[in-house]
Amino acid sequence: MPQAPSRHIILDRDGVINADSDDFIKSPEEWIPLEGSLEAIARLNQAGYLVGVATNQSGIGRGLFDLPMLNAMHQKMYQMLAKLGAHVDMIAFCPHLPEDHCDCRKPRAGLYQALAKRWDVSLEGLVVIGDSLRDLQAAQAVDASPVLVKTGKGAKTLKQLPPDHNIPVFDDLYQAVDTLLKEDD
């Protein structure tokens with residue numbers, strides 16, 4: 001019998017779940033999952049985690065794609081996850097440009113706060129997995145527990161961290177989830 005969901009985790013999308021591109025991910029055809037990422041989400045579901053995705057999508061603000069196209073990309077993700085018996089519970093996205101100075105665009109924590117509000121949980125200590133410095137900064141701003149993966153922008157981000165950082169670093173989402181679940185046992 002599956003466990004009742006009682007734990008929460010927030011994942012970045014581009015570079016963590018799917019391959020990233022400097023030219024933006026603009027269509028379902030360009031949305032390609034990283035090896036093992038969907039399986040990692042399935043493992044989180046099986047372990048009773050509620051999985052949220054917090055993603056900056058300034059491609060909307062730049063006019064590179066629109067909301068229906070973003071929804072089509074997410075539909076592809078949902079369908080691929082469903083084939084594994086997995087799902088994402090919530091997606092929060094920011095459509096704004098950096099110059100909009102909104103509260104939701106990472107490194108601000110608005111997306112994480114929106115997910116926490118809908119879940120009615122505290123962000124303190126909640127695991128947030130990302131590949132960019134802004135993912136980590138947003139997590140630290142709300143006392144969440146940032147985790148860095150080396151996929152996407154992660155290898156570049158790792159070089160930006162001070163040598164004495166205490167942020168856990170993993171090769172990819174699957175390895176991060178594997179370690180998290182072993183620590184839960």
Side-chain angles (χ1 to χ4, degrees), residues 8-34 37 41 51-78 88-119 121-124 126-163 165-170 172-173 176:
H8 303 79
I9 191 166
I10 297 175
L11 310 176
D12 180 38
R13 196 193 80 174
D14 298 338
V16 175
I17 300 173
N18 60 280
D20 200 1
S21 168
D22 289 338
D23 295 327
F24 296 87
I25 305 301
K26 302 177 290 298
S27 69
E29 294 75 24
E30 294 177 357
W31 194 93
I32 308 294
L34 291 170
S37 66
I41 293 170
V51 179
V53 173
T55 179
N56 286 347
Q57 292 297 320
S58 67
I60 293 174
R62 297 172 202 275
L64 299 174
F65 56 91
D66 57 16
L67 189 55
M69 187 60 71
L70 180 66
N71 289 336
M73 288 184 252
H74 290 162
Q75 187 61 34
K76 179 179 180 181
M77 178 175 66
Y78 287 131
V88 166
D89 296 279
M90 279 192 252
I91 299 175
F93 67 93
C94 171
H96 304 112
L97 300 172
E99 54 269 30
D100 291 337
H101 304 291
C102 63
D103 289 331
C104 53
R105 183 173 172 77
K106 295 178 278 184
R108 294 193 175 161
L111 294 177
Y112 299 163
Q113 291 166 331
L115 290 170
K117 183 176 181 181
R118 292 198 51 198
W119 281 332
V121 298
S122 167
L123 286 166
E124 186 175 343
L126 192 144
V127 174
V128 175
I129 300 178
D131 69 318
S132 70
L133 191 57
R134 60 184 171 224
D135 297 328
L136 307 178
Q137 291 169 331
Q140 290 172 325
V142 291
D143 294 325
S145 296
V147 172
L148 177 66
V149 290
K150 294 182 189 173
T151 50
K153 297 175 180 70
K156 179 180 170 187
T157 300
L158 182 58
K159 292 178 183 173
Q160 296 173 304
L161 295 177
H165 74 86
N166 60 357
I167 296 172
V169 180
F170 297 96
D172 55 27
L173 181 60

Point-to-point distance, once rounded to the nearest 0.5 Å, from CG of Asp20 to CG of Asp22: 7.0 Å
From OG (Ser58) to NE2 (His96), nearest 0.5 Å: 11.0 Å
Side chains of His74 and Val88, heavy atoms from C-beta outward: is any pair under 4.5 Å? no
Student check: side-chain heavy atoms of Ile41 and Leu11 closer than 4.5 Å: yes
Value rounded to 0.5 Å, distance of CG in Leu148 from NZ in Lys153: 12.5 Å
Can you tell me if Glu99 has over 12 outside heavy atoms packed within less than 6.0 Å of its CD? yes
Any side-chain heavy atom of Leu34 sitting closer than 4.5 Å to one from Asp172? no
Side chain to side chain contact (heavy atoms under 4.5 Å, CB included) evaluation trace for Leu126 with Leu115: CA-CA 11 Å; Leu126 192 144; Leu115 290 170; over 6 Å; no
Between Leu111 and Cys94, the two heavy atoms sitting closest are CD2-N, 3.9 Å
Quick one: do Val16 and Val53 satisfy side chain to side chain contact (heavy atoms under 4.5 Å, CB included)? Show the steps, please. CA-CA 10 Å; Val16 175; Val53 173; over 6 Å; no
Quick one: closest heavy-atom pair of Ala54 and Tyr112, and the distance? CB-CE2, 3.5 Å
Minimum side-chain heavy-atom gap Ile25-Met73 below 4.5 Å: yes
Could you tell me whether the side chain of Gln113 reaches within less than 4.5 Å of the side chain of Cys104, counting heavy atoms only? no
Any side-chain heavy-atom pair of Ile91 and Met77 under 4.5 Å: yes
What heavy-atom pair brings Trp119 and Ile10 nearest, and what distance separates the two atoms? CZ3-CG1, 4.0 Å
Minimal non-hydrogen separation, Val149 against Ala176, with atom names: CG1-CB, 4.2 Å
Can you check whether Gly15's main-chain N or O pairs, donor with acceptor, with Thr151's side chain at less than 3.5 Å? yes
CG of Leu158 to CD of Gln160, rounded to nearest 0.5 Å, is 9.5 Å
Flag the pair Asp12 / Val128 as yes when at least one side-chain heavy-atom distance between them is below 4.5 Å, and no otherwise. no
How long is the gap from CZ on Phe93 to CG on Asn71, to the nearest 0.5 Å? 6.5 Å
What's the verdict on side chain to side chain contact (heavy atoms under 4.5 Å, CB included) for Lys159 and Lys156, showing C-alpha distance, side-chain angles and the deciding distance? CA-CA 5 Å; Lys159 292 178 183 173; Lys156 179 180 170 187; 5.8 Å; no
Taking all non-hydrogen atoms of both residues, which atom of Val127 and which atom of Ile9 are closest, and how far apart? O-CG1, 3.4 Å
Side-chain donor-acceptor contact under 3.5 Å, Asp14 with Gln57: yes
Specify the closest pair of heavy atoms between Val142 and Ala109, including all atoms of both residues, with the distance to one decimal. CG1-CB, 3.4 Å
Please determine which of Arg105, Lys106, Arg108 meets the salt bridge (charged side-chain N to carboxylate O under 4.0 Å, His left out) test together with Asp135. Lys106
Could you tell me if the side chain of Phe65 sits less than 4.5 Å from the side chain of Ile60, heavy atoms only? yes
Separation of Ile129 CD1 from Ser145 OG (nearest 0.5 Å): 10.5 Å
Could you tell me whether Arg62 atom CZ has more than 12 heavy atoms of other residues or ligands within 6.0 Å of it? yes
